[in-house]
Structure formats: C-alpha cells, structure tokens
Amino acid sequence: MVEAGVDMTMFAAVAVFYLALTALLAYYGYRKTLANEDFMVAGRRINPVVLALSYGATFLSTAAIVGFGGVSGNLGMGTIWLLALNILFGLIVAFLVFGKRTRRMGKRLNALTFPDFLGRSFNSPFIQMFAAVVILIGMPLYCAAVLLGGVNFIVASLGIDRDFALLTLAIIVTLYVAYGGIIAVMYNDALQGGIMFLGMILLLVVTYYTLGGVVEANSALTAMADDPGVSAGLADAGMRGWTTFPEFGSALWWTFVTTFLLGVGIGAMAQPQLAVRYMTAESGRSLNRALMVGGIFILVVVGTAYTVGPLSNVYFYNEYGQTAIQYVGGDTDMIIPVFVNEIFGGHTLGELFIVLFLLTLLAAAMSTISSLLHTMGASAGYDIWRHIRANRSGMHSPAEVLYGKDRELVTSMRASRIGTMVMIVITVAVAYSMPGSIIARATAVFMGLTASAFLPAYTHVIFSKSPNAQGAKWSIVVGTVAWMLWGLFVHGTNANQIGLRDALFGDGKLLPAVTWPGLPWMNIDPLVIALPLSAAVMAAFIIRDRRPGRP
Amino acid sequence: MTLLITAVERLRGILGMLGIEDPWIWSAYLFSFGLALFCVVYGWLRFNEEEEEEDELDG
C-alpha cells in the first residue's frame, strides 16, 4: 500500500485556517443562542441555502463517501440506484411531502426535537420517551461509523496515530455543538458542504483525467469483468462485473436491494437529525429554494463517490495488477482513502489536493457527527430529562409532561449540553470496538431501525386530522422490536458482527436451512420484515377505530 | 411504440459508447440526473411562492 506522507506543514496551515472558520461560526452560534428554541431549531428562521447545504452535508457524510464509495469499489456501480433513491426519497419526498407538513406542525406545536414532535402530535409522553430511547440506542453506532470514516482518511493521509485522530476530531465537534447549538451546527454544515462539493468535483475530474477520459475509463472497468474477473466468492454471490447490476435473485442482489437501496433509500425519510431541519425553515418557500441546491449537491457528492469507487479498480489494476479490494487488504472502508492518496499523489500539486480532500472528508465527517451529537444530546437532555423532571415534580398528565414550564426549558438547554458530552464519550467507545468494512453497514442499520420504528407513525401523523396515538405506540414498539429480533438473531451479517445470537444460541444460525419460498432469509435486511409489520399495525388500529360505533 | 423503442435503442447506443453497457446501470444515472433536474426546475418555478398557511390539519 501507499506510504502515508502528506506535508504536515501544508496540512497544518490549511487545518488552522479551517478550524479558525469553524470556531468563528461556533462563536456566532453561541452569541445567537439565547433560548432553547435557538439551540434546538435555530429560532425557526434559517437561511434556505444554509438549510440545503446543512441538510445535504448532514445526510451525506463520510458514510456516503468513504463507506458506500468503498462498497461501490468492491461491488460496482449498482449503488448508483442508491443515488437516485437518495434524491427521490431523501430529498424530494422528504422536503415536499414530509418537510412542509413537519415545519407547519412543528411550529404550531412548538416542538423542538423529533421525539418532541411525535410526542406532542400524538399527545403521548410515552412516544416521546420511547423515540428518544431508540435514538440513544441506535445513533451512537451510526455516529461512530461516520467518525471512523473521517479517522481512516486522516490515518491514511497523515500517518498519525488512530487514537489521537479519533479523540481530537471528537473533542473539536463536541465543543462547537455543545456551545453553539444548532445555529453553529448548521452554519458549519454549510461551510463543510461547500468544501465537500468542490472537493468531490475535483476528485471526479482528476480520476477521469488520470484514467484517460470518461469512455476509456468506463470501458476499461467494463472489460475488467473478463480480465481479471470478479473474485470467486463474489461471483458465487451473484456479482457479474463493476458496471453491471448483480444477478437477479442472488444473495448479493438481495443484500443490494434490501439493505443498501431500501434500508438507506427509504430510511432517509424518518431520520430524526434530518426531520429537525425542516423545523428550522422559516417558510415552505425556504424548502422549495433549498430543494434546488440540495438536488445538485447530492448528485455531485454521492454520484462522484459511487462512480469513483468502482473506477479505482481500473487504477489499481493498471498500476499493481490487483483489484481495489485486494490492494487495500479486504477492508472496503479503506478503498477511497487509499485511492485518493494514490491518485492525487501522482499529480503536480498532488499534496495540496490530498490536503484539500482530507479537509473535504473532515468536513463531511464533522457535519454529520455534529448533527447526530446535537440530536442525541437533545434526546438525552431535553426529551428524557424533562420526563425525569416532571416525575420528580409530581407532574403526570400528558400536558404537564410534554409542555412543562419555561423555567424547565431553560434548564433543559444545559441538560442538552451535558447530554451531548456524555453521548460523544459513548460514541468514541463504540468506534473503538468496531471491526473493518463497517461504515456502510452501520449506516444501513441505523436508517433501517429508524424507518421501521418511526416511518408509519410519522407518515400517519402528518396526514391525519385525528392522530391515532394507540396505533402509533404499538406501531413504533412493534417496528423497533421486530427490527431488533431480525437484526440480532436472523440477518446473517448483522448477527455475526454483533455476536449476541452466537452467545445465546451457540455458533449457529437461528434459521439455518429456511429458504422457503426460495428466499435467502439471512440476506434479507431487517427493514423488509419490520417496516411492513410496523405499517400493518398502524393501519390495523386506524381501520379499527374508524369503524362505526367507535369513539 | 416503434418510435419509443428506437429512442431507447439510440439512447442505449449513446450510453454504451460511454463505456457502460448494462441498462440497469446507465438508467440509474439517467434517473438520477432527471431527479436532480426536477429539483432545480421545481425550486426555480416556486422560488417565490408563498405557502398556504391554511393548514388542512388544523381542520
């Protein structure tokens, strides 16, 4: 593999400039954060361009660039369908269907977080509490994966100690989230989004230029299906080449479609850290304007990652006679970091480009981590803390628990800051225990879990005039439990990596030989089981309570 | 119908010339570009449109 070796002086100069800008925006956020509403939803008056870049930079992180870019490098351009789903569901449906209604309802209900929004919409403290707990269980995994994405690139580029990189990155982000609230988070997101956009365009241009042009590079990648061909293991799983979709019905096809396309594509619609951004918009017009910027942003950033990942195979094969995954030693999370170091290293001003791309990935990681931290901190310090406060004060009615008093809201901002700091410690601990090739899967795990738990109830409440709270409670609980059971005990890769199944049932599979009716159940993502169950429960309660004679 | 098939074949030929022959892959690229274009056109056409504050959810 390539030796790490970026000029540290150049990196230090660029990093200091970038961190100074970050600190400036954090200070701006700190000055503007006077009330809890400022800390949580930026006073509901954020600029549309800042909103779009913040949404895009939060949505797309190192998980998309390093994690899914690496998966594309290993499995080919089929992931471009995820790009299409990201724009369709993650942006168009999310903004125009969910965003506008969530903004209006959030303003009317004076909701400050996603669990708060659900709790107040259904008038159910249980839903607020349960949603906050789901976030606190699932989100550290996703946040740790994003953190690792940034750290991997720092290690590959600078050759510095992994632990040092992990801790430094975590501390910087925690400081500006805890003190600047969502204003600092979103303005930094916008800066980071701008850097990501330029960095990814540069990467795409340099990659095609190095490989001899668009047609030459794509044709060479297509030809690699015959020479050297895909590995025997991947060929058995259904892979046919890097510019072809996996064989219909194969194990790889099921993983592609159910985990990567559905899990992440649909999962994006019920993301707590994204939903809260709708509530920062001043008007529906802001969301229309943000759509313009967001569409181009996602196309460029994700499209580049999913195109360059597979093309790295051409480079590695030409230079070293190996495919990308062979060259990096089997860890998909290292394909993009190593490729970027290699490809920029061969050009004039290459080191400057590597430093700029390092900044791009740092920005991508920091924007998402900051938003996830903000969401986790708010869940712990606002959603859960207010329940504890209410219980201590002898307040038990839904109205008392959900709406509280002004004095408690001010207290909960301090609690959110403490919550943020506690959650980064947990996240770093999770990051330390993660294996290789985990970033894309951890992302799919979190998005699948949140979609299974929240999507049916969230969709119901934004369209319904009389929300069915009982149905929502059961839908959220059934979606969560079904996802957990399938993910922990049946789904092959998840169960293997988490290890609970083997610890309880020995080294075996819970559904070892069940392939009826010809489906490889172990390759089917928990989302495909849990989301329909959650939706069916929601629908059943709605139908039951609409029958004549029901109150 | 014949026109449509001809158009698809031509498109396939053009995109095949870009080095990607599998329709499942290049159609994903086309779809993504189309969706991004939709975002730009929609946002541009409704750039100044005031949202109806009358919320049907409020009844």
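Chain A is the first sequence line, chain B the second, and so forth, proteins listed ahead of strands; every chain is numbered from 1.
To the nearest 0.5 Å, atoms CZ (A:Phe89) and CG (B:Leu35) are separated by 10.0 Å. Rounded to the nearest 0.5 Å, atoms CD1 (B:Ile20) and CD1 (A:Ile80) are 8.0 Å apart.
Ranked by heavy-atom pairs shorter than 4.5 Å toward chain B, the options A:Thr243, A:Leu82, A:Leu221 are led by A:Thr243. Of the listed residues (B:Phe38, B:Trp44, B:Tyr29, B:Phe33), the greatest number of heavy-atom pairs within a distance under 4.5 Å of chain A belongs to B:Tyr29.
The minimum heavy-atom distance linking B:Ser32 with A:Ile87 is given by the pair O-CD1, 3.7 Å. A pairwise comparison of heavy atoms in B:Asp22 and A:Phe245 identifies OD2-N, 2.8 Å as the closest pair. Between B:Trp24 and A:Trp81 the shortest heavy-atom distance is O-NE1, 2.7 Å. Of all non-hydrogen atoms in B:Ala36 and A:Gly295, the two that sit nearest each other are CB-O, 3.9 Å.
Only the side chain of A:Leu96 comes within contact range of chain B, with heavy atoms under 4.5 Å apart. With a threshold of 4.5 angstrom between heavy atoms, A:Leu91 approaches chain B through side-chain atoms but not through N, CA, C or O. When heavy atoms are compared at a cutoff of 4.5 Å, A:Ile92 approaches chain B solely by way of its side chain, counted from C-beta outward. Proximity to chain B (any heavy atom under 4.5 Å) is shown, for A:Thr307, by both the backbone and the side chain.
A distance-only check finds a donor-acceptor pair linking the side chain of A:Asn288 to the backbone of B:Arg46 [under 3.5 Å].
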